[in-house]
Amino acid sequence: MMAMLKRLLSLLLSCFSWYLISLPSPPYPDPAEFIQCLREKIPSELVYEQSSSNFTDVLASSIKNPRFFTNATARPLCIVTPTDARHVQAAVLCGRRHGVRLRVRSGGHDYEGLSYRSPRPDEVFGVLDLASLRSVSVNRSESTAWVDSGATLGELYYAIARNNSRVAFPAGECPTVGVGGQFSGGGIGMMMRKYGLSIDNVLDARMVNANGDLLDRDGMGEDLFWAIRGGGGESFGVVLSWKIQLVQVPPTVTVFSIGKTLDQGAIDILTRWQVVGPSLPDDLAIRVKVQGQEALFLAVYLGTCSSLVATMGRRFPELGMTSADCRSMTWLESAALSFTTLANIGTPEEVLLNRTSSLNFSNKGKSDYVRRPISKAAWNDIFSWFNTSGSRYIMLEPHGGFMDRVPADATPYPHRNGVLYIIQYLVFWQGGGGTAPPAAWLDDFYDFMGQHVSTNPRRAYVNFRDLDIGQNVVVDDVSTFDGGEVWGERYFMSNYRRLATVKAAVDPTDYFRNEQSIPPLL
Ligand code: FDA
């Protein structure tokens with residue numbers, strides 16, 4: 001009965017707000033009217049204009065990549081920092097009415113900075129920064145939680161474990177990443193072999209659509225609910241919060257980190273890992289970081305040291321792991337470890353609550369998926385790309401387990417059965433600037449890797465966003481389906497078409513748009 005009433009109400013609201021969609025957008029943005037509209041509807045202390053004394057601080061507050069914080073970076077007209085859903089609704093309505101698009105920011109970790117900058121210097125846009133909407137409310141008896149998009153993963157992990165240390169949530173390794181962006185694109189992490197991606201554990205969501213309506217799962221319907229769980233951020237509206245299913249973890253987990261140089265057989269072990277890693281028991285994940293002339297094997301096991309040693313001896317003796325490599329700790333302590341080395345054991349868990357991270361290093365990332373093991377000879381060639389100095393590494397994360405059992409169209413994330421692992425490529429350099437030499441090295445290495453990874457299409461992970469693989473083509477102020485196909489099919493395979501169909505139904509005038517948002521299939 002309640003659900004029916006909600007559906008009726010949402011139908012009425014969407015009929016009422018249809019006039020907004022059918023109104024032609026103003027021919028060009030009207031920034032002054034937009035700001036005026038915001039000022040009338042949102043408390044003034046939540047709206048920062050470029051002239052505000054702390055505008056730059058608020059803008060920088062969650063920028064993770066100084067590449068997009070230079071004098072040449074196009075800055076937003078204003079930043080709105082809502083503390084309530086009504087502020088978000090008002091900002092969307094003002095934006096629609098006065099032709100100003102909003103870029104939504106949760107944790108600011110977008111690899112291309114699309115949540116707070118525009119690659120087009122002439123674009124007039126506002127930023128909706130959700131950092132103040134970050135509560136986490138755990139329901140212990142249901143083993144569920146509602147988490148706001150502006151919370152970081154660290155804040156989420158901390159709140160869950162403080163309430164009940166026997167439950168956790170499968171998501172990424174870096175605690176400063178925002179829930180909003182990560183859940184919008186998938187959420188891979190060290191528990192995905194056991195429990196899947198973050199999106200596989202989302203039960204409900206609250207969002208504001210392009211009409212300014214506030215919708216929950218019942219109100220938005222199953223197609224839109226499907227699309228927001230993995231279809232990439234920004235495309236369908238502003239997701240305010242997510243209801244998630246928490247997952248069981250043992251009282252202690254075991255981690256290890258074992259480095260192997262070329263002399264210690266890194267290539268043989270890595271070649272073997274490609275087959276073993278994705279087929280180990282689901283509660284064990286071993287990721288590999290290749291940097292310089294070393295392969296670093298990093299593991300999290302949801303169990304005890306003794307059973308881990310037995311499993312490793314049986315399934316992966318080549319690594320030579322022994323009980324001396326085990327470090328036992330609570331799951332929350334493991335979440336607080338450095339996500340690229342599993343170092344800093346003993347750091348207080350409160351580190352998870354730290355939202356800030358250094359702005360010292362610019363970076364550029366790319367991704368690939370591997371479905372057939374790369375040969376030993378090819379690994380020899382790959383390591384030769386890392387024998388010169390430079391801050392760069394690749395991270396290999398095993399799929400398999402739970403991931404193999406989810407159909408490719410169950411969520412927009414299609415890289416399921418048959419994927420052995422995902423590769424993330426990362427280069428770093430000091431300070432800002434967009435065309436630093438390491439990025440050129442990355443382009444060449446990525447070209448070289450094409451022969452070893454998935455093809456037709458060459459796949460990529462939307463959360464490791466890469467504008468080099470394509471950007472939207474806008475015709476008559478709407479992104480075209482064909483223009484998005486190049487990058488869309490690489491991120492979403494055949495789910496791209498369904499995503500574009502949903503977009504056409506909920507945002508046909510393409511209000512929520514960035515360089516890789518889903519175009520409407522009209
Ligand atoms: P940000 O706020 O920049 O948003 C990213 C995109 O989503 C933007 O397009 C934005 O407009 C949109 N968006 C944000 N909030 C939204 C909302 N509430 N509603 C609608 N759209 C919204 N990934 C992973 O799966 N596993 C991992 O372990 C890691 N680790 C990792 C480490 C580091 C250091 C970085 C920089 C990144 C990762 N990632 C990752 C990738 C990460 O998941 C990806 O960059 C996310 O989009 C970041 O989410 P944020 O909210 O922080 O970004």
Side-chain angles (χ1 to χ4, degrees), residues 61-65 67-68 76 82 85 88 92 101-118 125-131 133-134 147-156 170-192 196-199 205-210 227-242 285 287 298 300 335 338-340 355 357-359 361-365 367 395 397 413 415 422 424 426 428 461-467 491 507 512-518:
S61 60
S62 69
I63 292 182
K64 303 299 171 201
N65 198 338
R67 189 154 73 102
F68 306 122
V88 176
V92 170
R101 288 201 158 70
L102 292 169
R103 290 186 180 249
V104 187
R105 180 164 79 171
S106 288
H109 279 60
D110 190 271
Y111 275 17
E112 297 283 4
L114 299 190
S115 54
Y116 52 85
R117 66 118 192 175
S118 168
F125 66 98
V127 164
L128 198 54
D129 186 321
L130 304 182
L133 288 172
R134 59 173 199 263
V147 55
D148 287 346
S149 283
T152 61
L153 296 181
E155 289 170 334
L156 173 64
E173 306 310 314
C174 173
T176 48
V177 166
V179 161
Q182 175 144 119
F183 289 13
S184 294
I188 65 175
M190 293 298 262
M191 289 204 293
M192 71 176 153
L197 307 171
S198 305
I199 50 170
R206 289 195 198 103
M207 69 176 289
V208 173
N209 68 7
I228 59 169
R229 287 172 301 143
E234 188 74 49
S235 294
F236 304 100
V238 185
V239 182
L240 298 177
S241 53
W242 312 75
R287 49 157 49 179
L298 307 157
V300 175
S338 154
F339 66 103
T340 52
R355 289 179 70 93
S357 58
S358 101
L359 253 177
F361 291 99
S362 291
N363 54 75
K364 165 79 187 157
S367 61
M395 185 70 86
E397 308 221 28
Y413 183 94
H415 318 291
I422 177 175
Q424 183 181 185
L426 275 170
F428 300 89
Y461 176 33
V462 66
N463 264 353
F464 298 154
R465 193 194 299 288
D466 179 8
L467 288 184
Y491 288 146
D507 185 17
F512 286 108
R513 179 203 298 167
N514 66 27
E515 289 60 35
Q516 284 186 343
S517 56
I518 302 292

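Remember, predicted model here, so these are calculated numbers, not experimental data. Values below: every heavy atom of this structure, side chains too, minus hydrogens, waters and symmetry copies. Read the numbers this way: they start at 1 and go in the same order the structure lists the ligands and their atoms.
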**Message:** Tell me the contacting part of L197 for ligand 1: side chain, backbone, both, or neither, using a 4.0 Å heavy-atom threshold, strictly below.
**Reply:** neither
**Asked** Just going by heavy-atom distances, which of S517, G232, S106, G180 is nearest to atom 2 (O) of ligand 1?
**Response** S106
**Asked** Hey, which atoms in ligand 1 end up nearer than 4.0 Å to a heavy atom of G233?
**Response** 7 (O), 12 (C), 21 (N)
**Message:** To check you understand the geometry: which heavy-atom pair defines the closest contact between N65 and S362, and what is its length?
**Reply:** OD1-CA, 3.3 Å
**Request:** For ligand 1, note which part of F464 has a heavy atom under 4.0 Å away: side chain, backbone, both or neither.
**Result:** side chain
**Item:** Pairwise side-chain contact, M192 with P170, heavy-atom cut-off 4.5 Å (strictly under)
**Value:** no
**Message:** Check for me whether R465 has a heavy atom closer than 4.0 Å to any atom of ligand 1.
**Reply:** yes
**Prompt:** Just which atoms of ligand 1 are under 4.0 Å from any heavy atom in G178?
**Reply:** 49 (O), 50 (P), 51 (O), 52 (O)
**Message:** Using a 4.0 Å cutoff against the non-hydrogen atoms of D110, which atoms of ligand 1 qualify?
**Reply:** 1 (P), 3 (O), 5 (C), 6 (C), 8 (C), 9 (O), 45 (O), 53 (O)
**Item:** Euclidean distance, S184 OG relative to I199 CD1, rounded to 0.5 Å
**Value:** 10.0 Å
**Request:** Could you check which of L133, N463, I228 puts a non-hydrogen atom nearest to atom 42 (C) of ligand 1?
**Result:** N463
**Request:** Say whether Q182, considering both its backbone and side-chain N or O atoms, lies within less than 3.5 Å of an N or O atom on ligand 1.
**Result:** yes
**Request:** Side-chain contact test, heavy atoms from C-beta onward, threshold under 4.5 Å: evaluate it for H109 versus Q182 and give yes or no.
**Result:** no
**Message:** Between the side chains of E112 and R67, is the shortest nitrogen-to-carboxylate-oxygen separation below 4.0 Å, so that they form an ion pair?
**Reply:** yes
**Asked** Taking N or O atoms only and a 3.5 Å limit, does R103 qualify as a polar contact for ligand 1?
**Response** no
**Asked** Out of G181, G185, G365, who gets a non-hydrogen atom closest to atom 49 (O) of ligand 1?
**Response** G181
**Message:** Need the ligand 1 atom indices (1-based, order shown) with element for anything under 4.0 Å from a heavy-atom of V239.
**Reply:** 17 (C), 18 (N), 19 (N), 20 (C)
**Residue and atom name of the nearest protein heavy atom (relative to atom 3 (O) of ligand 1), distance in Å to one decimal** = S115 OG, 2.6 Å
**Min side-chain heavy-atom separation F464-I188 under 4.5 Å** = yes
**Prompt:** Closest non-hydrogen protein atom to atom 37 (C) of ligand 1, residue and atom name please, with distance?
**Reply:** Y111 CE1, 3.3 Å
**Contacting atoms of ligand 1, where contact means under 4.0 angstrom from a heavy atom of I188** = 24 (C), 25 (O), 26 (N), 27 (C), 28 (O)
**Request:** Could you tell me which non-hydrogen atom of V239 sits nearest to which non-hydrogen atom of L130, and how far apart they are?
**Result:** O-CD1, 4.0 Å
**Fill in**
Nearest non-hydrogen contact to atom 27 (C) of ligand 1 from the set G172, G186, G189, S62 belongs to G172
**Prompt:** Which one holds for S149 and ligand 1: side chain close, backbone close, both close, or neither close, with close meaning a heavy atom under 4.0 Å?
**Reply:** side chain
**Complete:** In short, D148 meets S241 closest at the heavy-atom pair OD1-CB, 3.4 Å
**Prompt:** Is there a side-chain contact between S149 and L240, using heavy atoms and a 4.5 Å cut-off?
**Reply:** no
**Side-chain touch S367/E397, heavy atoms, less than 4.5 angstrom** = no
**Message:** Taking 4.0 Å as the limit for heavy-atom contacts, which would you say applies to N514 with ligand 1: side chain only, backbone only, both, or neither?
**Reply:** side chain
**Asked** At what distance, to the nearest 0.5 angstrom, does OH of Y413 lie from CZ of R229?
**Response** 15.5 Å
**Prompt:** Has K64 got any heavy atom lying under 4.0 angstrom from an atom of ligand 1?
**Reply:** no
**Request:** Return the option from V177, T176, V208, V462 holding the heavy atom at the smallest distance from atom 31 (C) of ligand 1.
**Result:** V177
**Message:** Less than 4.0 angstrom from a charged side-chain N to a carboxylate O is my criterion; do R103 and E515 meet it?
**Reply:** yes
**Message:** Can you tell me which portion of Y461 lies within the under-4.0 Å heavy-atom range of ligand 1? Options are side chain, backbone, both, or neither.
**Reply:** side chain
**Prompt:** Which option, V238, L153, L114, V104, owns the non-hydrogen atom nearest atom 11 (O) of ligand 1?
**Reply:** V104
**Asked** atom 30 (N) of ligand 1: which protein heavy atom is closest, and how many Å away?
**Response** C174 CB, 4.1 Å
**Asked** Atoms of ligand 1 less than 4.0 Å from L130 heavy atoms?
**Response** 18 (N)
**Residue pair I422, Q424: steps toward the side-chain contact (heavy atoms from CB on, under 4.5 Å) verdict** = CA-CA 7 Å; I422 177 175; Q424 183 181 185; 5.7 Å; no
**Message:** Using a plain distance cutoff, I'd like to know if E173 has any nitrogen or oxygen under 3.5 Å from a nitrogen or oxygen of ligand 1.
**Reply:** yes
**Check: E234 side chain, V104 main-chain N or O, donor-acceptor pair, under 3.5 Å** = yes
**Request:** Using a strict cut-off of 4.0 Å, indicate which atoms of ligand 1 neighbour a heavy atom of G237.
**Result:** 19 (N), 20 (C)
**Request:** For G187, counting its heavy atoms only, list the atoms of ligand 1 lying under 4.0 Å from any of them.
**Result:** 25 (O)
**Message:** Within the structure provided, determine whether D110 and K64 are in side-chain contact (heavy-atom separation under 4.5 Å).
**Reply:** no
**Prompt:** Is there at least one pair of N or O atoms, one from E234 and one from ligand 1, spaced under 3.5 Å apart?
**Reply:** yes
**Request:** Provide, to 0.1 Å, the distance between atom 53 (O) of ligand 1 and the closest protein heavy atom, together with that atom's residue and name.
**Result:** H109 N, 3.1 Å
**Message:** In the structure I gave you, are the side-chain heavy atoms of L114 and L467 within less than 4.5 Å of one another anywhere?
**Reply:** yes
**Prompt:** Would you call P76 and F125 a side-chain contact if the rule is heavy atoms closer than 4.5 Å?
**Reply:** yes
**Asked** Contact between G108 and ligand 1, counting heavy atoms under 4.0 Å?
**Response** yes
